[in-house]
Amino acid sequence: MAAADASSLPPSAITCRAAVAWGPGQPLVMEEVEVAPPGPMEIRVKVVSTSVCRSDVTAWQSKAQLDLFPRVFGHEASGVVESVGEGVTEFQVGDHVLTVFIGECKSCKHCVSGKSNMCQKLGLERKGVMHSDQKTRFSVKGKPVYHYCAVSSFSEYTVVHSGCAVKVGLTVPMDRVCLLSCGVSSVWNVANVSKGSSVAIFGLGTVGLSVAQGAKLRGASKIIGVDTNPEKQEKGKSFGVTDFINPDELSEPVQQVIKRITDGGVDYSFECVGDSGVVSTALQSCSDGWGVTVTLGLPKGKLEVSTHYAFLLSGRTLKGSMFGGWKPKSDLPSLVDKYAAKEIQVDGLVTHDIPFNEINKALELMLENKCLRCVIHMPR
């Protein structure tokens, strides 16, 4: 009897390297990990490139999640499908994909509403396990290793739910398109920025610059960038910022300056810092009657937002957004197409390219505010 075709056999566990965090703020350690085969409706991905997001750093430093270590962080990634689990028909071995930290099941209340991207089945995973069975797919010497956002891309191989991956073309640059899986969020679906409007952006990091780019594409006439780093002024211009304000150089509150130069406040303001105090400042920078403030940053300290009720009674709106309001599987392909057609800028957000074995250097650069995005390149 002929031997069974190896390609027809179910996937088995594999061993690879992963950068494992053993405790809050501790340097990542290159470990040999076992990666389980993909379960039903899951795929195992060979990671090609992964960028370091500020939320990775914030969660890595957090002492509030002591029970979620050891852990593999990372969620902005591109890769190649290595194997597929039972029931997966959308992906095949060899497909190029982006991982996404919130999925889209296309059947829950939120997915079918057309109003939200907060999937009830595959939303943001906070427990360090897989959505399907609440277990991990990583282990070191038999010890379970937790996931991050159900992606965990600081590993040569990872397992994700098929609803948390998006297929991309084979010619798209994997080391740049990975940013589209999180950092390059857009304003189109959230604030509906209108042509000729005024915008203030607090924080010109990757998210803030992407907001500026989106506002420019929507036809905003005045785009004010607010940042304490003077080097962000020139970078901001290349993404559409028309005016730059450094709060450290002012003798009065920044919101007063913004209201003065915009005749009463901007139409839209965006908090991209991850500071609940800045949320209030952004709201105060908006116009009475119709001003909209969108908070996009992941808070690092105080989680509560406080503001005077009069700002809301006067007609201003405060809202939040995750992943720019995009439905990942339905909408992300259009962003990839825009990047491929050079309609949106991504490459300019990458300031460092770093090999996987130097991943701790990328974390240091983020902590020292010396980079926008570091792209980690996995061994070929």
Side-chain angles (χ1 to χ4, degrees), residues 16-33 45-63 65 68-79 98-101 128 138 140 145-158 160 173-185 203-210 227 229 231-232 235 272-274 297-298 300 345-380:
C16 71
R17 291 192 311 157
V20 179
W22 288 93
Q26 295 180 17
L28 306 186
V29 179
M30 284 294 172
E31 301 279 8
E32 190 173 85
V33 300
V45 176
K46 176 177 173 58
V47 179
V48 174
S49 299
T50 179
S51 50
V52 180
C53 177
R54 177 63 65 176
S55 61
D56 291 313
V57 178
T58 299
W60 163 62
Q61 290 182 303
S62 174
K63 293 183 171 68
Q65 304 178 45
L68 293 183
F69 290 93
R71 200 172 192 186
V72 176
F73 287 101
H75 63 285
E76 292 185 2
S78 59
L98 292 179
T99 61
V100 285
F101 66 96
F138 296 103
V140 174
V145 177
Y146 289 102
H147 297 250
Y148 179 63
C149 291
V151 174
S152 294
S153 55
F154 293 171
S155 173
E156 292 176 328
Y157 288 86
T158 190
V160 300
M174 301 282 270
D175 62 345
R176 294 298 181 260
V177 75
C178 59
L179 270 69
L180 292 174
S181 64
C182 172
V184 186
S185 59
L204 294 180
T206 300
V207 174
L209 292 172
S210 299
D227 203 294
N229 183 350
E231 295 180 4
K232 295 292 182 67
K235 175 64 78 171
C272 306
V273 179
L298 180 67
K300 306 172 189 64
Q345 183 181 172
V346 173
D347 297 10
L349 295 169
V350 179
T351 53
H352 297 79
D353 288 280
I354 294 176
F356 185 39
N357 60 3
E358 296 180 19
I359 191 169
N360 283 303
K361 179 181 178 182
L363 296 177
E364 291 172 6
L365 288 168
M366 291 290 283
L367 288 173
E368 295 168 358
N369 293 317
K370 293 182 177 179
C371 71
L372 289 174
R373 274 295 189 271
C374 293
V375 171
I376 306 299
H377 296 257
M378 295 294 182
R380 292 187 178 274

Visitor: T351 side chain to L372 main-chain N or O, any donor-acceptor pair under 3.5 Å?
Guide: yes
Visitor: Evaluate the ring planes of F138 and H147, with Trp represented by its six-membered ring, and classify them as parallel (under 30°), tilted (30 to 60°) or perpendicular (over 60°).
Guide: tilted
Visitor: Any side-chain heavy-atom pair from V48 and M378 closer than 4.5 angstrom?
Guide: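 With C-beta onward as the side chain, the pair stays apart.
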Visitor: Are F356 and E156 packed together at the side-chain level, in the sense that at least one heavy-atom pair is separated by less than 4.5 angstrom?
Guide: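 Side-chain contact under 4.5 Å: yes.
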Visitor: Are W22 and E31 linked by a side-chain donor-acceptor pair shorter than 3.5 Å?
Guide: yes
Visitor: I'd like to know if the side chain of S152 reaches the main chain of V72, judged simply by a donor and an acceptor atom lying under 3.5 Å from each other, with no hydrogens or angles considered.
Guide: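 Yes, the answer is positive, given that a donor and an acceptor are paired below the 3.5 Å cut-off.
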Visitor: Is it true that a side-chain atom of R54 and a backbone atom of M366 form a donor plus acceptor pair closer than 3.5 Å?
Guide: yes
Visitor: Ignoring hydrogens and geometry, is there a side-chain-to-backbone donor-acceptor pair from N360 to P27 under 3.5 Å?
Guide: no
Visitor: Can D353 and I376 be said to form a side-chain contact (heavy atoms from CB on, under 4.5 Å), step by step?
Guide: CA-CA 6 Å; D353 288 280; I376 306 299; over 6 Å; no
Visitor: Inspect the contact between K370 and E364 and indicate whether a charged nitrogen and a carboxylate oxygen are less than 4.0 angstrom apart.
Guide: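 Between K370 and E364 there is no salt bridge, as every charged N stays at least 4.0 Å from the carboxylate O atoms.
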Visitor: Begin with the C-alpha distance, continue with both residues' side-chain angles, and end with the deciding distance and a verdict on ring pair (Phe, Tyr, Trp, His ring centres under 6.0 Å) for Y148 and H75.
Guide: CA-CA 7 Å; Y148 179 63; H75 63 285; 5.7 Å; yes
Visitor: Is it true that a side-chain atom of S153 and a backbone atom of A77 form a donor plus acceptor pair closer than 3.5 Å?
Guide: no
Visitor: Is the side chain of T158 donor-acceptor paired with the backbone N or O of S155 at a distance under 3.5 Å, no angle test?
Guide: no
Visitor: Without hydrogens or angle criteria, can the side chains of D175 and H377 be said to hold a donor-acceptor pair below 3.5 Å?
Guide: no
Visitor: Counting N and O atoms only, with roles assigned by atom type, does the side chain of W60 sit under 3.5 Å from a partner on the main chain of L363, one being a donor and the other an acceptor?
Guide: no
Visitor: Return yes if some donor-acceptor pair links the side-chain N/O of D227 with the main-chain N/O of L204 below 3.5 Å, else return no.
Guide: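 Yes; judged by distance alone, with no hydrogens or angles, the pair exists.
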Visitor: Set out, in order, the CA-CA distance, both residues' side-chain angles and the distance that settles ring pair (Phe, Tyr, Trp, His ring centres under 6.0 Å) for F154 and F73, then state yes or no.
Guide: CA-CA 6 Å; F154 293 171; F73 287 101; 7.3 Å; no
Visitor: Does any part of the side chain of R176, heavy atoms only, come nearer than 4.5 Å to the side chain of V375, both counted from C-beta?
Guide: yes
